[in-house]
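Notes to accompany the following structure.
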Amino acid sequence: MTHPVDILLVVVILLNFLVLGTPALRLTIRGAAVQGAILAVLPLLVHRGFGWRVVAIAFATMAIKGLLIPGLLEKAMRDIHIRHEVEPYVGFVPSLFLCAVGTGLAILFAGNLPLAPEHVGTLLVPASLATLLSGFLVLTTRRKAISQVVGYLILENGIFIFGQLLIEAMPFLVEAGVLLDLFVGIFIMGIVINHIRQEFSSLDTELLSELKD
Amino acid sequence: MEIALVLLPLAGAVAAALVPSQRVRPLVVPAVAVLHAALFTTILAGGVSSGRGVWLRLDPLATVILGTVTVLFLLVAFYVPGYLELRPDRDNRIFCAVLLFFLAMTSLLALAQHLGLLWVAMEATTLATAPLLYFNRTARSLEATWKYLMIGSVGVAIALLGSLFLAYSAHLGGGEPSLLFEDLLAGAGSFSRPWLRAAFVLLLVGYGTKMGLAPLHTWKPDAYGEAPGLVGALLAGGMTNCAFLALLRVYRVVNAAGEGAFARELLVFMGLASIGLAAVFVVRQRDIKRMLAYSSVEHVGILVLGIGLGGIGVFGSLLHAINNGLTKGILFLAAGNIHRAYGSKSTDEISGAISRLPISGSLFLVGFFAITGSPPFGPFVSEFTIVNAAIGGGHPVAGTLFLVLLGIVFIGMGSTVLSAVQGRPGTASAGTPYKDDVARTAPILVAAALVLLLGLYLPAPLVTLLEKASAGLEARP
């Protein structure tokens, strides 16, 4: 029988495609939120042991990745009255294609690296790399500042999946620090987005091209 | 005991945020900086906490980098009140608090002996600098802040993945799960090589982005160009050195695992690429702050080049971290004064800076000679050591290329700097009432004196410290 972790990871990979393939900002934010919520459950399933640490991390992840950050982004979206990503630098269909290629490469790459016996055959490494690449794609191919933040969030989700391989080695303090940094980072990005809107009356990062040599 | 170096500036940041008066608040920054420097000296003199399992330790490598940051911050802190006096229109509450938060996080980063903690501190430093860049509240500074934030965050995210790869490499090697550098160094021999190599590449990209190595430097000209001069000094002399330290800590593990040769090849390549790119962009650069940004790209390239060459190059590189840090202090603070006086940072408007601002203009020229490696200043000694490491260590091509590129940068920067300081002041400078005074020039003078001193004489304790810090960073057979 397939491990429940792998089923969740397949959903995570499918969500990458959803986020890359839709112009609706609300859907991309929700996609990233669902992804974050799924990731919050992962530590519980990967480790079986319900130590207080694992539970605390799961709750914190759920709160930050699943609720707080998406809430922040949706609020920003409502304030600005922007609903759609128009004319990304790379179209929706080509970026879906790139995402598929990236996912394939991630699976190939992961197959070539030595793994600890307990991780052989799971999707943790390929899902992590595929999600990372998708996040990077969103970040680099979209014009709207909010979309770029969603890309950063998905990129971080990919790294979070990889972190599941190492939960014994990462002290609680560090893991909490990583989550806090992510939250504060996106909070600051939100503040900057707000200033961009006031300054340019738009969120198109195309307008941010004054500085060059 | 070391944790006090982090907690003191944190408390200072809170204090600065609570001070109600706009005029008194900037004074908190130098006050805390003095206490921080005193504490640093006390800990250094009183012996460093030993024993295993310590998360924060002032080891020789941390002493070199944090020492540089402490001195640079102290000088910048004394410049802060004079600078903010010129900007009474701006609320400086966030600015002062964040400056001290930046000091706390750079201290944490330098002292961190844990792979994860090191990363958390680097990310916090990144976030702390964003409000500093946006101090001027213009569309241009907003653009610079956004680019810095996005590129920096992605870079640091890649460094996190690299750290996890390194941890997994250690996990596969067996042994107890610990990410303290002392444990990583001890167990490095059995690490999984493919993961370790991938980890180093990712960490080089991640921390290299924060250092501003080419081709990951794209945020740098924008950020340094739009930030206030004193923030540029802290970024170019402080943050890049901290990112360099993070890279060194990781490199030491890779070297201990026997993959040093692979890492050194990458470092030499990235180093020369950065110096080469700076040489291309510094020529005909009319914006003096952007010119300094490309000079910073050049010098972080020199830092990793020295490590990549190995041998005495490591010593030269660590010495250069000190020299570069302090010289960037001279250049950015002097450039900031010139910017204020002319209301512009382009050589289209700036000319005759020496007659308009005798002290700042002359110091800008001194900083230029120092940073381009002219004797008798400090950077000459460290760059000469690195050239020696190249020629004497069997890298004649790299050594020659390095010298040629240094020559190009000298000529390129020279034409910009000379056209700014020579001649007669144009009409543009008449409009601003700015005048040089003690508050805004004394810190630059002290920095220049230190850079000159380091060029004339290397104290024996400093040499011993640099030799100790080089341990584990040299090439291993």
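To find a chain, count down the sequence lines: A is the first, B the second, and so on, and within it residues start at 1.
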Which of A:Leu182, A:Asn112, A:Leu165 touches chain B most, by non-hydrogen pairs under 4.5 Å: A:Leu165

Part of A:Glu199 within contact of chain B (heavy atom distance under 4.5 Å): side chain

Side chain A:Thr22, main chain A:Val19, donor-acceptor under 3.5 Å: no

When B:Arg290, B:Gln285, B:Glu143 are compared by non-hydrogen pairs under 4.5 Å with chain A, the top option: B:Glu143

Residues of residues 150-160 of chain B with any heavy atom under 4.5 Å of a heavy atom in chain A: B:Met150, B:Ser153, B:Val154, B:Ala157, B:Leu160

Pairs meeting criterion salt bridge (Lys or Arg N to Asp or Glu O under 4.0 Å) with involvement of residues 171-182 of chain A, two or more places apart: A:Arg53-A:Glu175

Aromatic ring pairing B:Trp219/B:Tyr148, orientation class (parallel under 30°, perpendicular over 60°, tilted between): perpendicular

Which of A:Leu132, A:Val184, A:Leu115 touches chain B most, by non-hydrogen pairs under 4.5 Å: A:Leu115

Contacting moiety of B:Tyr134, where chain A heavy atoms sit under 4.5 Å: side chain

Donor-acceptor contact below 3.5 Å, side chain B:Arg286 vs main chain B:Met291: no

Test side chain to side chain contact (heavy atoms under 4.5 Å, CB included) applied to A:Val5 and A:Leu44, A:Val10, A:Leu42, A:Thr122, the passing residue: A:Leu42

Heavy-atom contacts under 4.5 Å, residues 191-198 of chain A to chain B: A:Val192, A:Ile193, A:His195, A:Ile196

Interatomic distance, B:Met105 atom CE to B:Thr125 atom OG1 [nearest 0.5 angstrom]: 7.0 Å

Aromatic ring pairing B:His114/B:Trp55, orientation class (parallel under 30°, perpendicular over 60°, tilted between): parallel

Interchain contact, A:Leu155 with chain B, by part (heavy-atom threshold 4.5 Å): side chain

Separation between CD1 of B:Ile288 and NE2 of B:His339, rounded to the nearest 0.5 Å: 8.0 Å

Segment of B:Leu164 engaging chain A (4.5 angstrom heavy-atom cut-off): both

Atom pair CG (A:Leu72) and NZ (A:Lys75), whose distance is rounded to the nearest 0.5 Å: 8.0 Å

Any donor-acceptor N/O pair, B:Gln113 side chain to B:Arg57 backbone, under 3.5 Å: yes

Main-chain N/O of A:Leu179 paired with A:Lys65 side-chain donor or acceptor, under 3.5 Å: no

N/O donor-acceptor pair under 3.5 Å between B:Ser274 side chain and B:Ala214 backbone: yes

Contacting moiety of B:Arg140, where chain A heavy atoms sit under 4.5 Å: both

Rounded distance [0.5 Å steps], CG in A:Leu25 versus CZ in A:Arg142: 9.5 Å

B:Ser296 side-chain N/O to B:Leu292 backbone N/O, donor-acceptor pair under 3.5 Å: no

Interface residues of residues 193-206 of chain B facing chain A - heavy atom cut-off under 4.5 Å: B:Pro194, B:Trp195

Among the listed options A:Gly135, A:Ala145, A:Gly158, A:Gly163, the residue most often paired with chain B at heavy-atom distances under 4.5 Å: A:Ala145

Distance-only side-chain donor-acceptor flag, B:Lys147 / B:Thr218, under 3.5 Å: no

Donor-acceptor side-chain pairing of B:Glu298 and B:Tyr294 below 3.5 angstrom: no

Closest non-hydrogen atom pair, B:Ala128 against B:Phe101: CB-CD2, 3.5 Å

A:Ile188 portion near chain B, given a 4.5 angstrom heavy-atom threshold: both

B:Arg90 side-chain N/O to B:Asn136 backbone N/O, donor-acceptor pair under 3.5 Å: yes

